[in-house]
Amino acid sequence: MCDKHHCFIIPPQILEGLARRGSISCKKTLNDTHRILQKRNTVLNHLLLREIETGDGNRSIYDSQNKYEQRVQLARREEEEATNDQVVNKAYDTSGFVREYFKSAFDLNSVDNNGLELISNVHYGKDYNNAYWDGDEMTYGDGDNKEFKDFASAIDVVAHELMHGVTQFLANLEYRSQSGALNEHFSDVFGTIVKQKYLNQNIKNADWLIGDTVVTEAFPGVAIRSMKAPGTANDFDTQPDHMDNYYSGTADNQGVHINSGIPNKAFYLSAIEIGIDDCALIWFETLKVLWRTADFNDMLEKILETSERLMNEDKVCNTASKAVSESFATVGLVQVSV
Amino acid sequence: MKYEIHVEGGFTGIPKKYEGNIDISEKDTSRLLDLMNNPNPLDNDIRDGFLYHVTLFDTEKTIEAQFDEKTLPPIIRQLMTG
Ligand SMILES: [Zn+2]
């Protein structure tokens, strides 16, 4: 009932109900944004002429030359020699590392599993203290060098932004309230995992910090966020680590960078118990079955189902489900039996 | 004309506030008011972009508008970058 011709006329609440019950095709339709629909129409039109081409996830690094514009000057493409600009080279190397991680761990072909070109814009704006994913490509500022610096060189920042791309194509979690906090959570989770791989760290000696290399000495804190101890990374860090302290205000798209601290802490606790690789598989497989409006309780339900399934398939250790369940309980998220 | 810009969101999630007086020509003022009264729709696909809540205090009224990374007019960005 949910082929590409029929789903468009089914009301979203019905699609959501079917997605909850595990209908992948309904989940996909519910997740489609206007932009994705436009792309799909373009692809369908092209189908009349030729087969859909799969890309190779090739990298292109553009220099914004301190303008507030993307794709100003192409600085380095896939397989080209390093340039004299170390920010360009770092963006090239880190995005390549993230791409290879997802390929080797999950056989994912770029962020969309269809070889989407990985486009990065560096030197964006003047003293620009940010990095973002815009639905198609990444953009990094140099920072003001007073509080922040080198966004494009930070492996966890690059992995975080690229993960927003992965989430967009797998679940397209709506960027507000709890679904938005989950969107942020998945980016922090894989930012952390990729960082530990890149630095050859393990769960014992990892710092569990996000953005520790983008803050300056003058910044009042050690990083942007902490997976281990949400709310302690800097003087402005208001992330809760328990549902008791859930932020219910309207700022930051209803707290997408704030309430992500709650599942972030659950991830840390799980990783300490069962290791980061089992967690990576569980979290990635869970994302694949989530949908646009999924909330924290939906996440808990699906991550427990996923843990059980992966345990039965001998893909994760046999204590995974218990560890995940206890970790989420520790942050105040317990499954309500019906 | 006084202004206030509240910036929130972004990768850091740390809010920031800018305020001051705009000293611009009558022509630019009229262009700015036009931009404030007719902001482009926000881009729902941006993740970690800043959100800019802009308030202008005109002599007679207060005008508010919200912009994102893709829709922020350069004239307003200049107020923050100097
Ligand atoms: Zn993010």
Side-chain angles (χ1 to χ4, degrees), chain A residues 33-36 67-68 70 124-136 138-141 144 147-148 151 154 157 160-161 163-165 167-168 172-176 180 183-184 187 191 210-211 214-215 219 221 224-225 234-239 250-253 255-258 260, chain B residues 3-24 28 31-36 38-57 62-82:
Chain A
T33 61
H34 182 62
R35 184 192 294 249
I36 292 169
K67 296 173 187 165
Y68 291 92
Q70 297 169 310
Y124 180 82
K126 192 167 164 268
D127 299 331
Y128 184 68
N129 286 331
N130 199 21
Y132 69 90
W133 166 261
D134 75 352
D136 291 308
M138 293 152 287
T139 299
Y140 303 98
D144 58 7
E147 291 180 305
F148 302 104
F151 284 89
V157 175
H160 177 107
E161 297 309 329
M163 188 62 203
H164 277 309
T167 298
Q168 174 182 312
N172 200 26
L173 290 159
E174 193 176 18
Y175 207 53
R176 56 183 283 281
N183 198 321
E184 276 304 313
S187 276
I210 295 285
V214 303
V215 299
F219 179 74
I224 306 297
R225 289 180 283 279
N234 60 66
D235 288 356
F236 315 103
D237 187 357
T238 57
Q239 281 203 317
T250 57
D252 185 31
N253 283 326
V256 298
H257 294 90
I258 302 170
S260 51
Chain B
Y3 69 85
E4 271 183 22
I5 305 171
H6 291 262
V7 185
E8 61 180 51
F11 174 78
T12 69
I14 299 172
K16 201 156 186 174
K17 184 181 172 185
Y18 299 84
E19 56 188 331
N21 276 297
I22 312 172
D23 190 14
I24 50 175
D28 280 346
R31 197 161 64 88
L32 179 59
L33 293 177
D34 190 41
L35 288 165
M36 290 287 290
N38 303 287
N40 285 323
L42 299 178
D43 186 331
N44 289 328
D45 291 320
I46 297 178
R47 305 289 178 257
D48 293 326
F50 284 133
L51 274 174
Y52 304 89
H53 302 272
V54 183
T55 311
L56 295 180
F57 303 93
T62 299
I63 308 161
E64 290 183 59
Q66 197 172 324
F67 302 94
D68 62 26
E69 299 291 359
K70 297 287 176 106
T71 60
L72 184 69
I75 192 169
I76 295 176
R77 198 183 284 280
Q78 276 170 18
L79 298 173
M80 294 178 285
T81 55

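The analysis underlying the following values was restricted to heavy atoms, covering all of them including side chains, and did not include hydrogens, waters or symmetry mates. Proteins come first, then strands; the chains are lettered A, B, ... in the order of their sequence lines, and each starts at number 1.
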Options A:Gly125, A:Ala251, A:Gly255, ranked by heavy-atom pairs under 4.5 Å with chain B, top entry: A:Ala251
Please check if the number of heavy atoms outside B:Asn38 that lie under 6.0 Å from its CG is greater than 12. yes
side-chain contact (heavy atoms from CB on, under 4.5 Å), that's the test. Do B:Thr12 and A:Phe236 meet it? Break it down for me. CA-CA 10 Å; B:Thr12 69; A:Phe236 315 103; over 6 Å; no
What part of A:Asn183 gets closer than 4.5 Å to chain B, counting heavy atoms only: side chain, backbone, both or neither? side chain
With a 4.5 angstrom heavy-atom cut-off, is it the side chain or the backbone of A:Gln239 that approaches chain B, or both, or neither? neither
When you look at A:Gln70 and B:Lys70, which way does the side-chain contact (heavy atoms from CB on, under 4.5 Å) test go after all the steps? CA-CA 10 Å; A:Gln70 297 169 310; B:Lys70 297 287 176 106; 3.4 Å; yes
Region of A:Ile258 that comes under 4.5 Å of a non-hydrogen atom in chain B: neither
Could you tell me which non-hydrogen atom of A:Asn129 sits nearest to which non-hydrogen atom of B:Phe50, and how far apart they are? O-CZ, 3.4 Å
Going by the rule side-chain hydrogen bond (donor to acceptor under 3.5 Å, both in side chains), which residues pair with B:Glu69 if we only count those two or more places apart in sequence or in a different chain? A:Tyr128, B:Tyr52
Residue part contacting chain B, namely of A:Glu184, when any heavy atom lies under 4.5 Å: side chain
Checking A:Asn130 side chain against B:Asp48 main chain: does a donor-acceptor pair fall under 3.5 Å? yes
Rounded to the nearest 0.5 Å, what separation is found between the CH2 atom of A:Trp133 and the CG atom of B:Asp45? 10.0 Å
Within 6.0 Å of CG in B:Asp28, more than 12 heavy atoms from elsewhere: yes
Heavy-atom contact with chain B under 4.5 Å, split by part of A:Asn253: both
Of all heavy-atom pairs linking B:Arg47 and A:Glu161, the shortest is O-OE1, 3.9 Å
Among A:Glu174, A:Arg176, A:Arg225, A:Lys126, which has the most heavy-atom pairs under 4.5 Å with chain B? A:Arg225
What option among A:Val157, A:Ile210, A:Val256 has the most heavy-atom pairs under 4.5 Å with chain B? A:Val157
What distance separates A:Tyr68 OH from B:Thr81 OG1, expressed to the nearest 0.5 Å? 5.0 Å
With only heavy atoms counted, which part of A:Tyr140 is less than 4.5 Å from chain B, the side chain, the backbone, both or neither? neither
Would you check if B:Asp68 and A:Tyr132 make a side-chain contact, meaning some heavy-atom pair closer than 4.5 Å? no
